[in-house]
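By convention here, the first residue in the shown sequence is residue 1. Because the structure is predicted, anything quoted here is derived from the model rather than measured.
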Amino acid sequence: MALKITHAADPINVSRITMALYGDPGTGKTTLAFSASKPLLFDFDKGAHRASNRQDAVLVSTWADVDSVTAGDLAPYDTIIIDTAGRMLDALSADIIANDAKLGKGGVLSQQGWCRLKARFTGWLKMLNASGKDVLLIAHGTEKMDGETVNARLDVQGGSKDEIYKSVDAMGRVFIRGGKRVLCFDPTESAFGKNPAQFGLLEIPSPLPADYLAGVIADTKAALNRQTEAMAEEARNIKHWQDAIALLETPEAFTGQVANVKKHSKAIQRLFADAATAKGFTFDAASK
């Protein structure tokens, strides 16, 4: 079967995303998550009852409660929430050991067990992504000292935090500042973050609008779509200039395009300069 190639000049429509939110216990992460569009929460942390705006939830006791989830189960919902990612990985680890004692002992995974955990976690997350739903991973935060710096990190097992970081399109930290709850997507020297929408520090309203996080997710998708459209436009410009530059044969022809090329991106300017150099021409900085 022939490859289905998306060309550089073709925009890629972002219709769903995976987002992670993390923070200290009691900062209202679950309540915030329930303000997403048509949410379904997989309650591994057994804390859904504490949310003031509780929506539909699956109360998870063991991994078997979610292992057989189907696209039909998820059909009525727009957003699938995992609360928390750390407790989900604990449940998955217990299931791995229960099914193969060689992969762990006393509740602790072996090295082979860790590999199995990574594979099953990424596979299950891909299944959720394939459903076309937005996926929201909630995690507790933990703080570690590095000299005099306090680093905020996700409180999840071992290298699993790296898998979460790689799998999400956006990541924000929920915390208290000046007595108010805030949400920060910016990565810093002391905290994880991914901020494709270039949000500033967001103050979480109180009372919380029922669709607050739905708006944040929608804005993130819109920003990602603007980025892919901008990249596609740049690819089209580059292709146009590659063709145009290929027709230039003399120093005078190159000189005639200098002013036009300067209006475009550095990438196009490099193409122009490299093509001139390849033909043995040099730019006279004094005469332009």
**Over 12 non-hydrogen atoms of neighbours within 6.0 angstrom of CD in Q111** = no
**Fill in**
Heavy atoms of E249 and A246 approach each other most closely as OE2-O, 3.9 Å
**Prompt:** Would you call L32 and L21 a side-chain contact if the rule is heavy atoms closer than 4.5 Å?
**Reply:** yes
**Asked** Between OH of Y77 and OG of S37, what distance do you get to the nearest 0.5 Å?
**Response** 12.5 Å
**Message:** With clusters defined by side-chain heavy atoms of hydrophobic residues (ILVMFWY) lying less than 4.5 Å apart, directly or transitively, does Y165 cluster with L183?
**Reply:** no
**Fill in**
Tightest non-hydrogen contact, residues K133 and A75, listed as NZ-O, 3.2 Å
**Request:** Side-chain contact test, heavy atoms from C-beta onward, threshold under 4.5 Å: evaluate it for F272 versus L248 and give yes or no.
**Result:** yes
**Message:** I need the minimum non-hydrogen distance between A33 and I81, along with the two atoms involved.
**Reply:** O-CD1, 3.5 Å
**Asked** When you look at R120 and D95, which way does the salt bridge (Lys or Arg N to Asp or Glu O under 4.0 Å) test go after all the steps?
**Response** CA-CA 11 Å; R120 287 189 60 181; D95 186 73; 3.0 Å; yes
**Item:** Side chain proximity check, I164 to M171, heavy atoms < 4.5 angstrom
**Value:** yes
**Prompt:** Which pair of heavy atoms, one from T220 and one from P196, lies closest together, and at what distance?
**Reply:** CG2-CG, 3.8 Å
**Message:** I'd like to know if R177 and E203 make a salt bridge, using a cut-off of under 4.0 Å between side-chain N and carboxylate O.
**Reply:** no
**Message:** To the nearest 0.5 Å, what is the distance between CG on L213 and CZ on F34?
**Reply:** 12.0 Å
**Request:** Count the heavy atoms of every other residue, nucleotide or ligand shown that sit under 6.0 Å from CZ of R16, and state whether that count exceeds 12.
**Result:** yes
**Message:** Any heavy-atom pair between the side chains of F192 and R173 that's under 4.5 Å?
**Reply:** no
**Request:** Determine, using the 4.5 Å side-chain heavy-atom cutoff (strictly less than), whether W124 and I138 are members of one ILVMFWY cluster.
**Result:** no
**Request:** Just say parallel, tilted or perpendicular for the rings of F254 and F281, cut-offs at 30° and 60°.
**Result:** perpendicular
**Item:** Within 6.0 Å of NZ in K239, more than 12 heavy atoms from elsewhere
**Value:** no
**Item:** Heavy-atom check, side chain of M88 versus side chain of W63, under 4.5 Å
**Value:** yes
**Asked** Can K221 and D134 be said to form a salt bridge (Lys or Arg N to Asp or Glu O under 4.0 Å), step by step?
**Response** CA-CA 10 Å; K221 291 179 191 176; D134 293 318; 2.9 Å; yes
**Test applied, side-chain contact (heavy atoms from CB on, under 4.5 Å); reference residue, I82; option that passes from L136, L128, L41** = L128
**Asked** Do V174 and V182 belong to the same hydrophobic cluster, where Ile, Leu, Val, Met, Phe, Trp and Tyr are linked whenever their side-chain heavy atoms lie under 4.5 Å apart, directly or via other members?
**Response** no
**Worked check of side chain to side chain donor-acceptor pair (under 3.5 Å) between Q257 and N260** = CA-CA 5 Å; Q257 291 297 330; N260 288 335; 3.2 Å; yes
**Request:** Could you check if a side-chain atom of T277 sits within less than 4.5 angstrom of a side-chain atom of F283, using non-hydrogen atoms only?
**Result:** no
**Request:** Please name the pair of heavy atoms, one in F121 and one in L92, separated by the smallest distance, quoted to 0.1 Å.
**Result:** N-CD2, 3.8 Å
**Message:** Out of the candidates D24, D83, D45, T27, only one should pair with H140 under the side chain to side chain donor-acceptor pair (under 3.5 Å) rule; please name it.
**Reply:** D45
**Item:** K194 NZ: over 12 foreign heavy atoms closer than 6.0 Å
**Value:** yes
**Request:** For the residue pair F42 and I80, establish whether any side-chain heavy-atom pair is separated by less than 4.5 Å.
**Result:** yes
**Prompt:** If you measure from NZ on K105 to OG on S110, what distance do you get to the nearest 0.5 Å?
**Reply:** 12.0 Å
**Message:** I'd like to know whether D73 forms a side chain to side chain donor-acceptor pair (under 3.5 Å) with T70, so could you lay out the CA-CA distance, the side-chain angles of the two residues, the decisive distance to 0.1 Å, and finally the verdict.
**Reply:** CA-CA 5 Å; D73 296 326; T70 68; 3.1 Å; yes
**Request:** Give a yes or no on whether K46 atom NZ has more than 12 heavy-atom contacts from other residues, nucleotides or ligands under 6.0 Å away.
**Result:** yes
**Message:** What verdict does the side chain to side chain donor-acceptor pair (under 3.5 Å) test give for T18 and N129, after you've listed the backbone C-alpha separation in whole Å, the side-chain angles of each residue and the deciding distance to 0.1 Å?
**Reply:** CA-CA 8 Å; T18 301; N129 292 342; 3.1 Å; yes
**Prompt:** Is the NZ or CZ atom of K29 positioned over Y22's six-membered ring, under 6.0 angstrom from the centre and within 45° of the axis?
**Reply:** no
**Request:** Return the minimal non-hydrogen interatomic distance between A36 and I217, and the atom names on each side.
**Result:** CB-CD1, 4.3 Å
**Prompt:** More than 12 heavy atoms of other residues, nucleotides or ligands under 6.0 Å from CD of Q112: is that the case?
**Reply:** no
**Asked** Do M127 and V135 share a hydrophobic cluster, counting only Ile, Leu, Val, Met, Phe, Trp and Tyr and linking them when any side-chain heavy atoms are less than 4.5 Å apart?
**Response** yes
**Asked** Do L40 and V58 have side chains that get closer than 4.5 Å, going by heavy atoms?
**Response** yes
